[in-house]
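To start, the structure itself, in structure tokens.
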Amino acid sequence: MPNATRTGARAPYEPHLDQLAPLAGREACAAVMFAVAALLYNWWLLEFLLPTGLDPRHSYVSELYAADQPFRWLFGALECFCALLVVTGSLLATRAVPGRWARIGWLAMLGQGLSSLGDVLLPMTCAPSVEPGCEAVHPWHTATSAFAHFFLFASMVLLSRAATRDRRRLPLIHRWGTRVLALALPAAVLTVGPLLGHPGWHGIPQRTHLMLVGVWFVLLSAELARAARRSGRTLLAPTR
């Protein structure tokens, strides 16, 4: 009697029905978390409503929660909450799409969230855009920011790669992921002027970059919502 599958062939990803209910629940929760994170990641918009004393055109967003700034607790708390949403959502999403590329991509998002949390726990000591003598490079904070950018772009590359290999499961990332990356990367590069001794106008590209990260979170949320619906339909489908 011939074998049902050829030797060495890889079986398709087909979770058992008793695994689908918790899986769909995790995916749905992760989708909500990334949707909320997309909004919270742009908490800097509150600077237009509050007397921060900083010029959005020439200041880093992280100056808003520098150790000597008046609204540091508010902005720091929002950044921490957003980072925790990204960390938790990434952990919940690791099984949303099968495959090594997707799994590593979600782990990169986990690293991004942890690095953003480190940004708040190791803040700038002062705001260089308005305080003479305040250096733009705060070693620990600069390091955590660099890690946050590295993990963010790694997640975009890895999940876009996963989408190329499995377009059916990640159609939105397949269509838009590399486009968001192509815009977000140069925007991030344009923010390094103060670190190289050339301050000024870096606030605009940084805030543009943050909005693009919000778009990336929306894409992740949408794909996770699709995965949750797909798992739910499989669970409810009649079996023979």
(request) Determine yes or no for a side-chain-to-main-chain donor-acceptor pair under 3.5 angstrom, with Q112 supplying the side chain and L152 the backbone. (result) no
(request) Please indicate whether F153 has more than 12 foreign heavy atoms, meaning atoms of other residues, nucleotides or ligands, lying under 6.0 Å from its CZ. (result) yes
(request) Taking the side chain as every heavy atom from C-beta outward, state whether M211 and W44 have any atom pair closer than 4.5 Å. (result) yes
(request) Verify, without hydrogens or angle tests, whether R207 (side chain) and G203 (backbone) share a donor-acceptor contact under 3.5 angstrom. (result) yes
(message) Can you confirm whether more than 12 heavy atoms, excluding those of E131, are under 6.0 Å from its CD atom?
(response) yes
(request) Using modelled atom types only, decide if a donor and an acceptor are shared between the side chain of E63 and the backbone of Y60 within a distance under 3.5 Å. (result) yes
(message) Please report the interatomic distance OG1(T191) to CD1(I204), rounded to the nearest 0.5 Å.
(response) 13.0 Å
(message) Contact between L219 and V180 at the side-chain level, heavy atoms closer than 4.5 Å - yes or no?
(response) yes
(request) Verify, without hydrogens or angle tests, whether H58 (side chain) and G200 (backbone) share a donor-acceptor contact under 3.5 angstrom. (result) no
(message) Treating T164 as the side-chain partner and S160 as the backbone partner, does any N or O pair qualify as donor plus acceptor under 3.5 Å?
(response) yes
(message) To the closest 0.5 Å, what do you measure between CG (L46) and CG (L64)?
(response) 9.5 Å
(request) Nearest 0.5 Å please: distance from the CG atom of L181 over to the CD1 atom of I173. (result) 12.0 Å
(request) Kindly indicate, with the supporting measurements, whether the criterion side chain to side chain contact (heavy atoms under 4.5 Å, CB included) is fulfilled by Q69 and T52. (result) CA-CA 8 Å; Q69 293 304 295; T52 64; 5.9 Å; no
(request) Enter the distance from L78:CG to N42:CG here, rounded to the nearest 0.5 Å. (result) 11.5 Å
(request) Write down the atom of R226, the atom of L172, and the distance for their closest heavy-atom approach. (result) CD-CD1, 4.4 Å
(request) Determine the minimum heavy-atom distance between L117 and C80, stating which atoms define it. (result) CD1-SG, 3.8 Å
(message) Quick check on side chain to side chain contact (heavy atoms under 4.5 Å, CB included): which of P56, C134, P199, S59 does S129 satisfy it with?
(response) S59
(request) Can you measure from OG1 (T94) to CD (E27) and round to the nearest 0.5 angstrom? (result) 10.0 Å
(message) Please find the pair of heavy atoms, one from T144 and one from S115, that lie closest to each other, and give the distance.
(response) O-CB, 3.6 Å
(message) Could you report the tightest heavy-atom contact between A187 and H209, atom names first, then the distance?
(response) CB-CB, 3.9 Å
(request) Report yes or no: do V61 and L190 belong to one cluster of Ile/Leu/Val/Met/Phe/Trp/Tyr joined by side chain heavy-atom distances under 4.5 Å? (result) no
(request) Could you pull out the closest heavy-atom pair between S90 and F34, with the gap in Å? (result) OG-CZ, 3.6 Å
(request) Check whether the side chains of H141 and S62 place a donor and an acceptor atom closer than 3.5 Å, and report yes or no. (result) yes
(message) Do P171 and E223 have side chains that approach each other closer than 4.5 Å (heavy atoms only, starting at C-beta)?
(response) yes
(request) Indicate yes or no: at least one non-hydrogen side-chain atom of W106 is less than 4.5 angstrom from one of L220. (result) yes
(message) Hydrophobic cluster membership, with links at side-chain heavy-atom distances under 4.5 Å among I/L/V/M/F/W/Y: are W101 and L159 in one?
(response) no
(request) Starting at OG1 of T178, measure out to CG of L183 and round the result to the nearest 0.5 Å. (result) 10.0 Å
(message) Assigning hydrophobic clusters by single linkage (Ile, Leu, Val, Met, Phe, Trp, Tyr; side-chain heavy-atom cutoff under 4.5 Å), is L85 placed with L107?
(response) no
(message) Would the distance check show the side chain of H149 and the main-chain N or O of F147 forming a donor-acceptor pair, the cut-off being under 3.5 Å?
(response) no
(request) Classify the ring geometry between Y41 and F217 as parallel (under 30°), tilted (30 to 60°) or perpendicular (over 60°). (result) perpendicular
(request) Search all heavy atoms of G177 against all heavy atoms of W216 and return the closest pair with its distance. (result) CA-CZ3, 4.0 Å
(message) Are W201 and L54 connected into the same hydrophobic cluster when the rule is that any two of I, L, V, M, F, W, Y join if their side-chain heavy atoms are below 4.5 Å apart?
(response) no
(message) Tell me if the centroids of the rings in F71 and W43 come within less than 6.0 Å of each other.
(response) no
(request) Indicate, with yes or no, if L122 and M124 share a hydrophobic cluster defined by side-chain heavy-atom contacts under 4.5 Å among Ile, Leu, Val, Met, Phe, Trp and Tyr. (result) no
